[in-house]
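Remember, predicted model here, so these are calculated numbers, not experimental data. The figures here come from the full heavy-atom set of this structure, side chains too, leaving out hydrogens, waters and symmetry mates.
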Amino acid sequence: MKVLVVGGAGYIGSVIVDQLLQAKHNVTVLDSLVAGHREAVNREAELVVSDARDEEALGRLMASRSFDAVVYYGGYIQAGESVLNPGRYFANNVGGCTALLNAMVAYGVGRFVFSSSAAVYGQPDSVPITEDAPGRPVNPYGESKLMVERMLPWYEQSGGIRYASLRYFNAAGATDLRGEDHRPETHLIPIVLQAALGQREAVPLYGTDYPTPDGTCIRDYIHVSDLASAHILALESASDGDSGVYNLGSGAGFSNREVIETAGKVTGKPITVREEPRRPGDPAQLVASNEKAKQALGWLPAVTSLEAIIDSAWRWHQSHPKGYTS
Ligand code: UFG
């Protein structure tokens, strides 16, 4: 298949590019490099540096290649920032996807895999969360993902685009080649590992008064290579004609304190914690039911322990103490 990966220079996108190439697909990456890294893009993939909202450039690209499918990872991802600057999220996450879907219709590309998020659920009534739980985002980031999800059936109806919308829980870990390098970094695991490397004095712990056993938020961490493998399966499933929405999580929840403690064990380094007020837009608890993805896509996460996830990230951070160089 000829696949266009939008956002393929980012953390998760770069891993899916590697896996698509391994599976003998032909890959073009479209990335503005605002958040992505040139070095993270596999050399066997073609890299086009542009914003998905640049409709002229997108049209030229679509016209000159006959893509079979588009995979979208091009969204901004910081829930906290989105509360302070919602326009940035709606413009890029909804605007970029709209431009892309319009171009797909115009150039007859019929398969779409969308990186959605657990953030569409907001604060769920109960966990584990199944896909039919109501969408009630508590931040504009989640709202932007839900808006695109609600657009997809209309594009399917009028433009024949088959889609798989993948609701990621907390992507974490690294492969031998690719790891997490956001600037600024806002995610818990890389921040804890930066503290272990001595690059930060302390880990700010946002909120210790949540209604959870230890008062800190609970999240479901899923290894980035398991997320990527679900995309390959979803691409095939969208090709077969079934559109659908799937949770991608491990099914297990860990509190922020448990993550910090586990990272301390894995790294063998002292990690200082600084308790801070809650961060805006954080739901107390997000844990996936992953039964639907297992049953419908035949997905089976391979990395199942938090230790193994953190250990893979730790190895990457040690070999890339300053992250990517370009
Ligand atoms: N946290 C801290 N200190 C930090 C960073 C994070 O205490 O320095 C806390 C957060 O407040 C939150 C938890 O750690 O309680 C996890 O925060 P992350 O920023 O690592 O991840 P989020 O859960 O906010 O968001 C991530 C992705 C989203 C996705 C969501 C789904 O960034 O794209 O997981 O669960 F939608």
Passes side chain to side chain donor-acceptor pair (under 3.5 Å), Asn247 versus Tyr168? Steps please. CA-CA 6 Å; Asn247 284 342; Tyr168 305 166; over 6 Å; no
Please answer whether the main-chain N or O of [Y] pairs with a side-chain N or O of [X] as donor and acceptor at a distance below 3.5 Å.
X      : Y      : value
Trp299 : Asp226 : yes
Tyr221 : Gly249 : no
Ser82  : Pro86  : no
Gln19  : Ser229 : yes

Residue pairs passing the side chain to side chain donor-acceptor pair (under 3.5 Å) test where at least one lies in residues 191-200, sequence neighbours excluded: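 Those involving residues 191-200 are Gln194-Arg200.
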When you measure from the centre of the six-membered ring of Tyr76, is the NZ or CZ of Arg88 closer than 6.0 Å and no more than 45° off the axis?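 That pair qualifies as a cation-pi contact.
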Cationic tip of Arg278 above Tyr210 ring, under 6.0 Å, 45° of axis: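 So Arg278 does make the cation-pi contact.
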Worked verdict on Ser312 versus His223 for side chain to side chain donor-acceptor pair (under 3.5 Å): CA-CA 9 Å; Ser312 70; His223 194 271; 3.1 Å; yes
Nearest 0.5 Å please: distance from the CG atom of Leu235 over to the CG atom of Leu166.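 It comes to 10.0 Å.
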Run the numbers on Leu101 and Leu152 for side chain to side chain contact (heavy atoms under 4.5 Å, CB included), then give the verdict. CA-CA 9 Å; Leu101 288 159; Leu152 293 175; 4.0 Å; yes
Transitive ILVMFWY side-chain link Ile12 to Ile310, under 4.5 Å: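 Looking at the clustering, Ile310 is in a separate group from Ile12.
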Closest contact, heavy atoms only, Arg279 versus Thr186: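 For Arg279 and Thr186, the tightest heavy-atom pair comes out as NH1-O, 3.5 Å.
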Between [X] and [Y], does any side-chain N to carboxylate O distance fall below 4.0 Å?
X      : Y      : answer
Arg136 : Asp125 : yes
Arg178 : Asp18  : yes
Arg257 : Glu275 : yes

Take Tyr11 and Ile77, measure what side chain to side chain contact (heavy atoms under 4.5 Å, CB included) needs, and give me the verdict at the end. CA-CA 11 Å; Tyr11 168 46; Ile77 56 164; over 6 Å; no
With a 6.0 Å cut-off on the ring centroids, do Tyr72 and His231 count as close?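 Centroid separation for Tyr72 and His231: 6.0 Å or greater.
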Donor-acceptor pair between Tyr246 and Asn290 side chains, under 3.5 angstrom: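 Looking only at side-chain atoms, Asn290 and Tyr246 do not form any donor-acceptor pair under 3.5 Å.
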Determine whether the side chains of Tyr324 and Arg38 contain a donor N or O and an acceptor N or O closer than 3.5 Å.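 No pair is found: no donor N or O on one side chain lies under 3.5 Å from an acceptor on the other.
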If you apply the rule side chain to side chain donor-acceptor pair (under 3.5 Å), what do you find for Asn93 with Ser144, and how did you get there? CA-CA 6 Å; Asn93 295 9; Ser144 72; 3.2 Å; yes
